[in-house]
Amino acid sequence: MQTDPQQQPEPAKDSASSAPAARPPVGVEIAGLSKSFGPQTVLTGITLSIRPGEIFTIMGPSGSGKSVLLRQIAGLDLPTAGTVRINGLDPARPATRDHLALALVFQAGALFNSLTVFDNLALYPLEHRLDNRAGIRARVMRALKILSLENAAQKYPSELSGGMKKRVAIARALVMEPQILLYDEPTSELDPVMAATITEIIATLRQEYQVTSIVVSHDRDLALTISDRVAILMRGELRALDAPGGLRALTDPEITDFLNPKIDLAQPRYQKMEAL
Ligand SMILES: Nc1ncnc2c1ncn2[C@@H]1O[C@H](COP(=O)(O)OP(=O)(O)OP(=O)(O)O)[C@@H](O)[C@H]1O
């Protein structure tokens with residue numbers, strides 16, 4: 001959808017600023033979850049609960065299965081064994097979306113370059129008739145305001161910085177008025193100050209909207225600062241699950257090396273890596 005900025009009336013002030021009635025946050029139950037792609041087993045027997053309204057971060061080395069787990073929670077992929085339930089509902093069933101507002105913030109933003117920021121945000125709700133046009137416009141303007149992006153409404157993604165793109169991706173998820181927000185690497189490729197800004201936004205959104213927030217991240221500052229609990233995956237298995245303080249107290253050398261990697265030129269890691 002292309003909209004002409006000249007023809008886009010400003011929303012009434014009160015409709016843009018008044019938040020919708022809060023929907024109850026939702027919890028996630030994962031039981032015996034395994035996932036294989038052909039002969040490769042990527043997740044093995046994952047069992048965990050995510051509480052309504054918590055910030056739950058999934059960490060782990062590259063290739064440990066974090067994004068695959070997030071896709072399972074989002075219902076984008078079917079498990080090989082086990083179950084995922086969000087408030088008792090199977091996220092992979094299309095009918096679940098009638099009862100559950102789930103939104104995903106993709107790693108690369110996944111914005112349409114040919115659409116303005118406003119149209120990127122309005123596209124999904126218009127296509128799925130989540131509201132009438134005035135209601136969708138109000139939702140979009142509200143989301144842009146929350147992320148301090150009002151002045152970017154008529155810009156194209158190519159005109160935005162990396163940090164702004166991430167904020168637009170979060171704003172696009174907020175338009176769904178989600179009960180559960182899934183973030184895939186929200187601070188990747190950002191400088192430390194912008195990564196801290198996005199981290200604060202995730203915490204603020206949870207605080208103000210009680211949205212259950214599941215974050216896949218390599219960012220230790222994010223994980224250990226704002227998370228209620230952190231899961232660490234290694235080789236597709238759940239190796240640790242605890243509050244940040246509990247994780248820091250663990251003595252398992254693989255976990256401590258993961259959380260505090262030291263650069264050791266005498267025994268470089270790359271020499272121990274498998275040949276690609
Ligand atoms: N659709 C797929 N088909 C086949 N293999 C896949 C598929 N998706 C993921 N994998 C494999 O599953 C493993 C885990 O991938 P995943 O993307 O979950 O890792 P990750 O922990 O998120 O890594 P990173 O931190 O590098 O993003 C990898 O070996 C990957 O190649």
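Counting starts at 1 for both ligands and their atoms, following the listed order. One is the number of the first residue; the rest follow in order along the sequence.
Only the side chain of Val42 comes within 4.0 Å of ligand 1, counting heavy atoms alone; its backbone N, CA, C and O stay farther away.
Given atom 15 (O) of ligand 1, the protein heavy atom at minimum distance is Val68 CG2, 3.9 Å. Scanning the protein heavy atoms around atom 21 (O) of ligand 1, the nearest turns out to be Lys66 NZ, 2.8 Å. Atom 1 (N) of ligand 1 has as its closest protein heavy atom Phe37 CE2, 3.5 Å. Ranking protein heavy atoms by distance to atom 30 (C) of ligand 1, first place goes to Gln40 NE2, 4.7 Å.
We find the CZ-CG distance between Arg220 and Leu259 to be 6.5 Å, quoted to the nearest 0.5 Å.
Lys165 has no carboxylate O lying under 4.0 Å from a charged side-chain N of Glu189, or vice versa, which leaves the two without a salt bridge. Using a 4.0 Å cut-off between a side-chain N of Lys or Arg and a carboxylate O of Asp or Glu, Asp252 and Arg239 qualify as a salt bridge.
A distance-only check finds no donor-acceptor pair linking the side chain of Arg206 to the backbone of Glu54 [under 3.5 Å]. In this structure a side-chain-to-backbone donor-acceptor pair under 3.5 Å is missing from Asn113 to Pro157.
The distance from ligand 1 to the heavy atoms of His218 drops below 4.0 Å at these ligand atoms: 24 (P), 25 (O). Within ligand 1, counting atoms from 1 as listed, the ones closer than 4.0 Å to a heavy atom of Pro61 are 21 (O).
For ligand 1, one of its N or O atoms has an N or O atom of Ser67 under 3.5 Å away.
Side chains of Thr187 and Lys166: a donor-acceptor N/O pair is absent below 3.5 angstrom, by distance only.
Closest to atom 24 (P) of ligand 1 by heavy atom, among Ser64, Ser217, Ser188, Ser62, is Ser62. Of the candidates Gly65, Gly63, Ser36, Gly63 brings a heavy atom nearest to atom 23 (O) of ligand 1.
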